[in-house]
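Notes to accompany the following structure.
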Amino acid sequence: MCVKLLIVQITEEHISKWKARLGLKSGPTQETYWIFTDKFLGRYEGNISEENLIDFLTMMSKNSIRTAFYAIKFFFNAAGIPLNLKVEDIASKGGVKKIREVFTIEEIKQLIATAKEHYGIAEIGYITLAIIYGLRRIELWNLNSDDISLDSKPPKLRVYTAKGGQEERIHLIPPDILEEVSDLWFALTKIKHKPVITQMNMFLDSVCAKADIRLRPRLGWHSIRRALVSQLMTTSLNPTIIRHFLRWKPREGDILLDYTIFNPEDVDTKVFEQHPFLKFFTKKQDS
């Protein structure tokens, strides 16, 4: 795959041409193309090239990569900027290397500190739940105030699992993060309309930028989850306990796990005893 290194600085004229052409598309297509293009232009501060496009596409999931490519190709064409890449170049086998990026322990600390210093209680709550429970983006986005039970003994959090969103897992809320989760509950009671889910990505990018965390391909909410899994696997916890805590289903045909029944509260208690990041939320850490 040949990549041209020509870098183009985007101007108002480019944007105007794109908007005029975009207006001819259907409403849903306009919204989708706008989201991908806005994120692409923002990430590279309006300096775009084919090399940047390839870099950007490595951050996309298999389900999104073609749509992202077509959206940004449309921008190039509408703005009159040459683009030699074809969809076969980026979607063929081995075309774009799959990257599984992970936050370091120090970056997890930076996320917490930056969220608490610069953001509101909802944002702090989302960061907290992602770090402590490894919540996926969709699991965070699906949360409502009635999923947080502060009056129960002990307080509990209900999470609808990402796969299908129908199954639920009830987690214990440890005292270390009760203040952050309580604040999130209050914030969720005030939200009347949820933003589009892609704004979750923009929010995390914003926190990373303020925390001086290097934005790199495929760094996102799942990178927090990978950090948690990676650290839990260095503890003495049984991997099946970790699997249950992270809300993973056993693979089909795994008889051992199919027959193993865990008490969710026991699982959470065991995990919290060795949780690698829970200590970062104790109040003495904030002093």
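This structure is a prediction, so every number in the text was calculated from the model and none was measured.
Other residues, nucleotides and ligands contribute at most 12 non-hydrogen atoms within 6.0 Å of the CD atom of Glu13. Within a 6.0 Å radius of CH2 in Trp185, other residues, nucleotides and ligands contribute 12 heavy atoms or fewer. Counting non-hydrogen atoms of neighbouring residues, nucleotides and ligands closer than 6.0 angstrom, the NZ atom of Lys19 reaches no more than 12 such neighbours.
Distance check: Ile177 CD1 to Leu157 CG gives 8.0 Å after rounding to the nearest 0.5 Å. Taken from CZ in Arg137 to CG in Asn201, the straight-line distance is 4.5 Å, to the nearest 0.5 Å. Put simply, OG1 on Thr104 and CD on Gln231 are 9.5 Å apart, with the number rounded to the nearest 0.5 Å.
Note on Asp268 versus Arg169: salt bridge recorded, some NZ/NE/NH1/NH2 to OD/OE distance being below 4.0 Å. Ionic pairing of Arg247 and Glu139 is present here: one or more N-O contacts between side-chain nitrogen and carboxylate oxygen are shorter than 4.0 angstrom.
Contact of the His275 side chain with the Phe272 side chain is registered, since non-hydrogen atoms from C-beta on lie closer than 4.5 Å. Counting heavy atoms from C-beta on, the side chains of Phe75 and Ile48 come closer than 4.5 Å.
Sequence neighbours left out, the pairs with a member in residues 117-146 that pass ring-ring contact (aromatic ring centres under 6.0 Å, His included) are Tyr119-Phe203, Tyr133-His171. Pairs engaging residues 196-207 under the salt bridge (charged side-chain N to carboxylate O under 4.0 Å, His left out) rule: Arg43-Asp205 [sequence neighbours left out].
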Might you work through the side chain to side chain contact (heavy atoms under 4.5 Å, CB included) test for Leu111 and Cys208, ending with a clear yes or no?
-> CA-CA 7 Å; Leu111 285 178; Cys208 289; 4.1 Å; yes
Working for side chain to side chain contact (heavy atoms under 4.5 Å, CB included), residues Ile127 and Leu204 = CA-CA 8 Å; Ile127 290 290; Leu204 185 59; 4.0 Å; yes
How far apart are the C-alpha atoms of Ile131 and Phe281, what are their side-chain angles, what is the distance that settles it, and do they pass the side chain to side chain contact (heavy atoms under 4.5 Å, CB included) test?
-> CA-CA 10 Å; Ile131 289 173; Phe281 289 89; 4.1 Å; yes
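With hydrogens and angles disregarded, no donor-acceptor distance shorter than 3.5 Å links the side chain of Glu180 to the backbone of Ile124.
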